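Written out below as structure tokens is the structure these notes cover.
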Amino acid sequence: MCPGSFDPITNGHLDVIERASNLFDEIVVAVGINQSKNRLFEPDERVEMIQEATAHLGNVKVDVFRGLLVKFCVAHDISAIVKGLRAVSDFDYELQMGQMNRSLASVDTLFMPADPHYSFLSSSLVKEVATYGGDISGLVPEPVLRRLRERLGT
Ligand code: ADP
């Protein structure tokens with residue numbers, strides 16, 4: 001599974017999902033729903049954008065999860081989590097999470113180095129740049145670009 005908030009999905013996420021889909025028989029992109037976080041897009045919209053952006057990949061499905069990721073993994077018979085690493089700063093937290101998830105359930109985490117073209121990309125930065133009218137084409141899939149323009153009126 002490829003978990004995340006995906007608010008919204010970026011080309012960095014999509015690159016990791018595409019590469020993971022070449023390595024595994026089936027990939028579940030799992031959209032985490034966390035009430036406490038301030039989000040631009042509703043879970044349904046985030047799911048829709050991912051579905052449209054991954055429509056060309058035959059072995060990818062999209063789902064949502066609440067609460068503990070490993071509970072979702074166990075319930076869906078998922079044995080591996082794939083995470084993209086953009087920089088060393090991602091690593092400390094992801095290592096800790098991966099070790100915790102392995103201790104909670106026998107779910108392993110595999111780290112995939114981000115494509116250098118996308119290693120500066122995050123959903124929050126994309127939203128910030130788009131809010132101020134910056135050009136984010138090439139950084140997000142087309143369905144995201146369209147919805148961001150609608151939402152922000154840019
Ligand atoms: P968060 O869980 O902090 O909300 P995201 O939902 O944005 O983070 O990201 C989910 C996963 O995708 C994380 O493992 C993150 O490292 C990875 N990721 C995010 N942006 C990129 C990128 N540009 N390239 C590769 N991996 C990325």
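Because the structure is predicted, anything quoted here is derived from the model rather than measured. All values below were derived from every heavy atom in this structure, side-chain atoms included, with hydrogens, water molecules and symmetry-related copies excluded. Just so you know, ligand 1 is whichever comes first in the structure, and atom 1 is the first atom listed for that ligand. The first residue of the sequence shown is numbered 1, and numbering continues consecutively from there.
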Legend entry - Worked verdict on Ile17 versus Thr54 for side-chain contact (heavy atoms from CB on, under 4.5 Å): CA-CA 8 Å; Ile17 294 165; Thr54 60; 4.2 Å; yes

Legend entry - Glu142/Arg147 under salt bridge (charged side-chain N to carboxylate O under 4.0 Å, His left out): CA gap, chis, key distance, verdict: CA-CA 9 Å; Glu142 200 284 326; Arg147 277 184 186 73; over 6 Å; no

Inset, instruction - Would you please test Asp90 and Lys83 for salt bridge (charged side-chain N to carboxylate O under 4.0 Å, His left out) and show each step? - result: CA-CA 10 Å; Asp90 277 344; Lys83 287 266 165 135; over 6 Å; no

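Within ligand 1, the atoms closer than 4.0 Å to a non-hydrogen atom of Phe6 are 6 (O), numbered from 1 in the order shown. Residue Gly4 approaches ligand 1 through these ligand atoms, each under 4.0 Å from one of its heavy atoms: 6 (O), 10 (C). Here is the list of ligand 1 atoms found below 4.0 Å of a heavy atom in Glu94: 14 (O). Taking every heavy atom of Val16 and a limit of under 4.0 angstrom, the matching atoms of ligand 1 come to 25 (C), 26 (N). Close approach of ligand 1 to Tyr118 (heavy-atom distance below 4.0 Å) involves ligand atoms 22 (C), 23 (N). Within ligand 1, counting atoms from 1 as listed, the ones closer than 4.0 Å to a heavy atom of Gly12 are 22 (C), 23 (N), 24 (N), 25 (C).
The shell of residues lying under 4.0 angstrom from ligand 1, judged by heavy atoms, excludes Met112. Under the 4.0 angstrom criterion for non-hydrogen atoms, Pro3 is in contact with ligand 1.
If you take CG on Leu23 and CE on Met112, they are separated by 5.0 Å, rounding to the nearest 0.5 Å. To the nearest 0.5 Å, the span separating CZ on Phe65 from CE on Met1 amounts to 6.5 Å.
Checked by distance only, ligand 1 and Leu121 come closer than 3.5 Å through their nitrogen or oxygen atoms. Checked against a 3.5 angstrom limit, the closest N/O atoms of Thr10 and ligand 1 fall outside it. Looking at Gly84 next to ligand 1, an N or O pair under 3.5 Å apart turns up. Between His13 and ligand 1, a contact under 3.5 Å exists for at least one N or O pair.
A donor-acceptor pair under 3.5 Å is formed between the side chain of Thr10 and the backbone N or O of Gly12. The backbone N or O of Ile9 lies less than 3.5 Å from no partner atom in the side chain of His13, so there is not a single donor-acceptor pair. Using modelled atom types, one side-chain atom of Arg46 and one backbone atom of Phe41 make a donor-acceptor pair closer than 3.5 Å.
Comparing Ser119, Ala114, Ser122 by heavy-atom distance to atom 25 (C) of ligand 1, the nearest is Ala114.
In this structure, a donor-acceptor pair under 3.5 Å is absent between the side chains of Ser5 and Asp7.
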